[in-house]
Amino acid sequence: NAGVTQTPKFRILKIGQSMTLQCTQDMNHNYMYWYRQDPGMGLKLIYYSVGAGITDKGEVPNGYNVSRSTTEDFPLRLELAAPSQTSVYFCASISQSSGNTIYFGEGSWLTVV
Amino acid sequence: AQSVTQLGSHVSVSEGALVLLRCNYSSSVPPYLFWYVQYPNQGLQLLLKYTTGATLVKGINGFEAEFKKSETSFHLTKPSAHMSDAAEYFCAVTLNNAGNMLTFGGGTRLMVKP
C-alpha cells in the first residue's frame, strides 16, 4: 500500500527552468491537493482537484499549472522557475470514507537559484 | 469559508511538563478537525482527528485534543513532554461536506528542554 507518492524528493532548478513534480496515489481518492510550505510558515494551497478532468486554483496558484487526466495522477508544473518558488511541496489526497482524513506525500524540496 | 488560528508560533516546555498547543477555528457548519505533526525534513503525519461523536479525541504518542464547540477550540495536550515530541504541529479544519479543502493553521514549533 504505497499511499501518496511524490517525486523527486530534492531538486535544484535555475531561474527560468521548467519542471514537473509528480504525484500519484493508489487509494482511488477523488480529491487531490498541492500545498507549498515556506520556512517557518504553514501550508498554502496551490491547486486542487475534485476528480479526473477537474482542477481549480487554491490560495497561491500563480506560476504553477496542474492537470488531472487520471484519478491516480496529479502533476504540478512550474513553467518559469523563480526564486520565490523555493519551497517544500506536498501532494495530498483525501479519503471521504474515513472522515475526510488527508494523506500526505513525503514532500519535495525545491530550490531555485 | 473556514479558518484556523494557532496561538503561539513557538512553544517551549521542559521534559516531563504539560504540553498545550492552542487551536481555534471558524466555520459556518460543523467542522472536521485535525492535528498533524511534522518532524524536521519529513512530511506531515496525522496525530488525531475529530469528526463526530466523543469530543475528547486520543491520538498517537500520548496526545489528545478536545473539541469545544462553545469556544470554537481544538487544543492539543500531552500530560508529560518527551524530547522526541520536539516538532512542528499543525491544526487543520475541513467542513463536513466531503472533499472540501483542508485549511491549515500557521503551525506551532514545540521545543522540549532537558
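Since the model is a prediction, treat every value here as computed from it, not as a measurement.
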Contacting moiety of Leu44(B), where chain A heavy atoms sit under 4.5 Å:
both
With clusters defined by side-chain heavy atoms of hydrophobic residues (ILVMFWY) lying less than 4.5 Å apart, directly or transitively, does Leu56(B) cluster with Phe67(B)?
no
Hey, quick one: are Phe104(B) and Tyr50(B) part of the same hydrophobic cluster, counting side-chain heavy atoms closer than 4.5 Å, chains of contacts allowed?
no
Mind checking the OH-CZ spacing from Tyr36(B) to Phe104(A)? Nearest 0.5 Å is all I need.
5.5 Å
Side-chain hydrophobic cluster, 4.5 Å single linkage: members besides Val112(A)
Leu13(A), Ile15(A), Met19(A), Leu21(A), Met32(A), Trp34(A), Ile46(A), Tyr47(A), Val60(A), Tyr64(A), Val66(A), Phe74(A), Leu76(A), Leu78(A), Tyr89(A), Leu110(A)
Checking heavy atoms, do the side chain of Leu45(A), its backbone, both or neither come under 4.5 Å from chain B?
side chain
Is Ile94(A) linked to Tyr32(B) within one hydrophobic cluster, defined over Ile, Leu, Val, Met, Phe, Trp and Tyr using a side-chain heavy-atom separation of less than 4.5 Å?
yes
Same cluster or not: Val19(B) versus Val112(B), using hydrophobic residues (I, L, V, M, F, W, Y) connected whenever any side-chain heavy atoms lie under 4.5 Å apart?
yes
Checking heavy atoms, do the side chain of Gln6(B), its backbone, both or neither come under 4.5 Å from chain A?
neither
Correct closest heavy-atom pair for Phe90(A) and Gln42(B) would be CZ-O, 3.9 Å
Report which part of Gln37(A) has an atom under 4.5 Å of a heavy atom belonging to chain B: side chain, backbone, both, or neither.
side chain
